[in-house]
Amino acid sequence: MKIYKVKNYDEMSETAAEILAAQIQSKPNSVLGLATGSTPIGLYSKLAELCAAGRVDFSAVTSINLDEYCALDPGDINSYRRFMNDNLFSKINIKAENTHVPDGVAEDIAAECARYDALIASNGIDIQLLGLGHNGHIGFNEPADEFVLPTHCVKLDDRTVEANARFFENEDEVPKHAITMGIGAIMKAKQVLLIVSGEDKREILQRTLYGSVTPKVPASILQLHNDVIVVSDVI
Ligand code: F6R
């Protein structure tokens, strides 16, 4: 595990952007596993700047996102497809057809999960970007009795619904289910880039990196991955 201790959110974003840029420079057709949430917003805007400055070319890049809410239309302001379009895809020269987010409104959710796993297997993820939930979730792999390996539909933890309510009018509007990439695909990514910022994440990051490996803290499985980079201001 490689750990970068940074001063603040901005330095985290800058450092992570440089890592992803270097990945794309060394392999222009890289497959990036991407995340949503507040943590990567700064990183995405740095990547957009690097692209505008001609330092990174996304034309051959493929992206595969971690998760999507169930029952939110892709155009909904709170869908993760919309988040990615607004915060990154519309600002870089990635081809729309090379961007992938689970289809949260698929009629057959089980079939959609299987399709997503086949997509991940056929592309292979070079580097998987992860944020960290307050309960230790990665993607929407919530604390559970065992690690769930395939892409699956999950009932969101009360704490996750509460945390994500900040983006909605009120807590009742937060979808209670989501499709998430499973722990299997995350662990198969060649490299993992975990970004964590803010005092409120200090304790869970400590448990993730130095506590027992347990599905009660899903991110703790990363201790068993052989190529993890952590960039954080609370380490
Ligand atoms: C989002 C995702 C989640 C977030 C986590 C942290 O695609 O997979 O695991 O990374 O909930 O969210 P923020 O960054 O909003 O604190």
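The shown structure was predicted, so the numbers you read here are calculated from the model rather than taken from an experiment. Numbering starts at 1 and runs along the sequence shown. Just so it is clear, the values below take in all heavy atoms, side chains as well, and ignore hydrogens, waters and symmetry mates. Just follow the structure's listing: the first ligand is 1, and inside any ligand the first atom is 1.
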**Asked** Does H134 come within less than 4.0 angstrom of ligand 1, counting non-hydrogen atoms of the residue?
**Response** no
**Request:** Give every residue pair that meets the salt bridge (Lys or Arg N to Asp or Glu O under 4.0 Å) criterion with at least one member in residues 94-112, sequence neighbours excluded.
**Result:** E112-R115
**Asked** At a 4.0 Å threshold, what atoms of ligand 1 neighbour a non-hydrogen atom of H137?
**Response** 3 (C), 5 (C), 9 (O), 11 (O)
**Request:** Please tell me if the side chains of V161 and E171 come closer than 4.5 Å, counting only heavy atoms from C-beta onward.
**Result:** yes
**Message:** Looking at E162 and R159, is there a salt bridge between them, counting it only when a charged N and a carboxylate O are closer than 4.0 Å?
**Reply:** no
**Request:** May I ask you to decide if the ring planes of F83 and Y44 are parallel, tilted or perpendicular, using 30° and 60° as cut-offs?
**Result:** perpendicular
**Prompt:** Do D76 and Y69 have a side chain donor and acceptor closer than 3.5 Å?
**Reply:** no
**Fill in**
Judged by heavy atoms only, the candidate from A35, G131, G37, G139 nearest atom 3 (C) of ligand 1 is G139
**Asked** Is it the side chain, the backbone, both or neither of L132 that has a heavy atom closer than 4.0 Å to ligand 1?
**Response** backbone
**Fill in**
In terms of its nearest heavy atom to atom 14 (O) of ligand 1, the top option of T39, L66, T36 is T39
**Message:** Please give the remaining members of the hydrophobic cluster of I179, linking ILVMFWY side chains under 4.5 Å, ordered by chain and number.
**Reply:** I109
**Message:** When you measure from the heavy atoms of R166 to every atom of ligand 1, does any distance fall below 4.0 Å?
**Reply:** yes
**Asked** If you measure from each non-hydrogen atom of D67 to ligand 1, which part falls under 4.0 Å: side chain, backbone, both or neither?
**Response** side chain
**Complete:** min-distance protein heavy atom vs atom 16 (O) of ligand 1 -> K201 NZ, 2.8 Å
